[in-house]
There are 2 protein chains.
Amino acid sequence: MQQDHENDLPAYKRIQNVILKRMESGGLRAGDAIDSERQLAKVHQVSLMTARHALAGLEREGVVVRRRGAGTFVAPPKIHFNKLMSFTEQMAVRNLPARSKILSCTVTEEESEVAARLALPPGSRLIRLERLREGAGEPFALETCYLSEAEFPRLRHAPLERGSLFSILESEYGLELAQSDEEIDATNADARTAQLLAIGKGQPLLRIRQVIYSAKGRATVYVRGFYRSDRHNLLIRRFR
Amino acid sequence: MQQDHENDLPAYKRIQNVILKRMESGGLRAGDAIDSERQLAKVHQVSLMTARHALAGLEREGVVVRRRGAGTFVAPPKIHFNKLMSFTEQMAVRNLPARSKILSCTVTEEESEVAARLALPPGSRLIRLERLREGAGEPFALETCYLSEAEFPRLRHAPLERGSLFSILESEYGLELAQSDEEIDATNADARTAQLLAIGKGQPLLRIRQVIYSAKGRATVYVRGFYRSDRHNLLIRRFR
DNA sequence: AAGTGGTCTAGACCACGGC
DNA sequence: CCGTGGTCTAGACCACTTC
């Protein structure tokens, strides 16, 4: 007997899922003890190394803390540092209602610099989507994102007003987003941006230019955003 | 026979060290194949699981890439994203000469908000060090950092003009810096800051407020910095 | 002393990659 | 096809924490 039985997941992942589900459902709270390796091995009918593998994976992801001699415990609620999240998700964390107004959605062939950042030849046809982001009824940010039209042909006619772009990419195109590299600086609002964001001209803005990569390492989306610095705060964690 | 022989390191760490040493010495370059699990097991006289454990650890740290069916390879040189670096170190990466002008170095008891961020009681005596950072002869940033005077009594009389604060803390006080949490937004330069940074009043600045933690998890340094956005670009990597 | 995680063994079969 | 990493077994001893 070996490997999976009921479905095609490896045993260690099944164990992880059981634990994760118990945490989501509230059965396990921060600080609570998780079943020990030996208990898990017995309950799930696997060897000790497999139970260990499951817990080690959860520890690497930060959802669990292991203390020798003591046990394995649910990690304290993690603040989402350096997490790539859609605007919708960011607002959800803050418990704010999110809305997006689509200002334009066109195809351009003349943004060669953006094309280069997406590793596409100059002159490539790019979907250019400009959106005004609102949280709690207040304008929050002005975001322009670019994607290859060849790669996402139907996207222009998708219900972009409703769901987030991230979720459409993930569900409709099976795209798995993995990471983003971002370039951050400060600028002053020009007249149009100021008007859209309902602030005075010359007010300071955070400018974030990000290249979002898929799990396969492909540069997939380019986003340039201007964020009201009185409404938005970037939180970053760095390591030595 | 089991566990270590020649020294008190676990076998999997000894294997890792052998590989790391071979990479440092140039014997292994980016893209080169590492010995397979089975080879390592045979060479180091350990079981397959132990050799696997060694490679899995190296992969987690990003020094190695594993491809099923193909092998394990030295990872491409990693660009240092989200790395906590001193100003001096940042300049060194860019090959720019770094200089700092100390504007003031005093003790304050009235910065209760900063004290709170360092987990000190309000009214604590704090060293307050204000420095103008210059790179390539141009003013770059205005940084004010705070430390507990009780914890670093001699620091005020250290040669701060010369070495970086980081290196003094690490060498003189044996302090091991581990991470920093940073809050980033944009502001406009006020009159004094503008003059010091040699820019026009109202020009956009990146404001970074960071709490630097020691390896023991203790909040040790608080830094508030204003960075010329025309000279400085923040690079960040986020993960999904 | 009892229980925990950390390390380790000596094998096994599977899925995948490159030739 | 053969070699690779991925998963897994059924145990073992050690170091540590908690009681």
Side-chain angles (χ1 to χ4, degrees), chain A residues 1-20 28 31-76 176 215-217, chain B residues 1-20 28 30-76 216:
Chain A
M1 177 202 308
Q2 124 182 359
Q3 202 91 348
D4 45 349
H5 312 283
E6 41 182 328
N7 49 41
D8 60 352
L9 279 179
Y12 77 94
K13 284 199 176 179
R14 283 198 337 260
I15 298 176
Q16 290 177 342
N17 286 338
V18 168
I19 295 172
L20 289 172
L28 283 171
D32 286 0
I34 305 263
D35 285 355
S36 74
E37 301 176 344
R38 289 160 181 81
Q39 283 173 317
L40 284 174
K42 195 179 296 179
V43 170
H44 291 91
Q45 296 276 294
V46 296
S47 85
L48 201 50
M49 282 300 281
T50 302
R52 268 192 68 71
H53 190 26
L55 291 181
L58 292 180
E59 180 183 42
R60 188 164 20 108
E61 290 169 32
V63 303
V64 131
V65 173
R66 316 189 72 190
R67 293 211 316 272
R68 176 192 295 211
T72 301
F73 307 87
V74 178
E176 210 179 329
K216 285 165 195 141
Chain B
M1 178 202 310
Q2 121 184 359
Q3 202 91 347
D4 46 348
H5 313 282
E6 39 182 331
N7 50 39
D8 61 351
L9 279 179
Y12 77 95
K13 283 200 175 176
R14 285 202 331 263
I15 299 176
Q16 291 176 342
N17 286 338
V18 168
I19 295 172
L20 289 173
L28 283 172
D32 286 0
I34 305 263
D35 285 355
S36 74
E37 301 175 346
R38 288 161 181 80
Q39 283 172 317
L40 285 175
K42 196 178 295 178
V43 169
H44 291 89
Q45 296 276 292
V46 296
S47 85
L48 200 50
M49 283 299 282
T50 301
R52 268 193 68 70
H53 190 26
L55 292 181
L58 292 179
E59 181 183 41
R60 186 161 23 103
E61 291 169 32
V63 299
V64 131
V65 174
R66 315 189 72 189
R67 294 211 312 272
R68 175 192 295 212
T72 301
F73 307 87
V74 179
K216 284 166 197 142

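Letters A, B, ... mirror the listed sequences (proteins, then strands); counts begin at 1.
Tested against B/Leu20 for a side-chain contact (heavy atoms from CB on, under 4.5 Å), the candidates B/Val64, B/Leu28, B/Leu58 yield a single pass: B/Leu58.
Considering all non-hydrogen atoms of both residues, B/Ala75 and B/Gly62 come closest at CB-O, 3.2 Å. Minimum heavy-atom separation, A/Ala41 to A/Ala51: N-CB, 3.9 Å.
B/Gln39 has its CD atom 8 Å from the P atom of D/dG5, to the nearest Å. Whole-Å rounding puts the A/Glu37 CD to D/dC14 P distance at 17 Å. Whole-Å rounding puts the A/Asp35 CG to C/dG3 C1' distance at 14 Å. Taking atom NE2 of residue A/His44 and atom P of nucleotide D/dT9, one finds them 12 Å apart after rounding to whole Å. Across the protein-nucleic acid pair, A/Gln45 atom CD and D/dT9 atom C1' stand 13 Å apart, rounded to whole Å. Here C/dA10 presents its P atom at 16 Å from CZ of B/Arg38, a figure rounded to the nearest Å. Distance, A/Gln16 CD to D/dG6 P: 15 Å, rounded to whole Å. Nucleotide C/dT4 holds its C1' atom 12 Å from the CG atom of A/Leu40, rounded to whole Å.
Side-chain nitrogen and oxygen atoms of A/Thr72 include at least one within less than 4.0 Å of the OP1 or OP2 phosphate oxygen of C/dG5. An OP1 or OP2 oxygen of D/dT7 is reached within less than 4.0 angstrom by a side-chain nitrogen or oxygen of A/Tyr12. Contact annotation: A/Ser36 reaches the phosphate of C/dT4 (side-chain N/O to OP1 or OP2, under 4.0 Å).
Side-chain contact between A/Val43 and A/Ile15: absent, with no pair of heavy atoms (C-beta onward) separated by less than 4.5 Å. Residues B/Val63 and B/Ile19 form no side-chain contact, since every pair of their non-hydrogen atoms from C-beta on lies 4.5 Å or further apart.
Within a heavy-atom distance below 4.0 Å of DNA chain D, the residues of residues 46-66 of chain B found are B/Met49, B/Arg52, B/Arg66.
Checking side-chain atoms of A/Gln16 against main-chain N and O of A/Ala54 turns up a donor-acceptor pair under 3.5 Å.
Around the CD atom of A/Glu176, the shell of radius 6.0 Å holds no more than 12 heavy atoms that belong to other residues, nucleotides or ligands.
With values rounded to the nearest 0.5 angstrom, B/Thr50 atom OG1 is found 11.0 Å from B/Glu37 atom CD. Going from atom CZ of A/Arg52 over to atom CE of B/Met49 covers 9.5 Å, rounded to the nearest 0.5 Å.
The bend of the helix from C/dA1-D/dT18 to C/dG18-D/dC1, defined by the angle between the axes of its first five and last five pairs, stands at 10° to the nearest 10°.
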Distances for protein N or O near nucleotides 17-19 of chain D N or O, under 3.5 Å:
{"residue": "D/dT17", "atom": "O4'", "partner": "A/Gly69", "partner atom": "O", "Å": "3.4"}

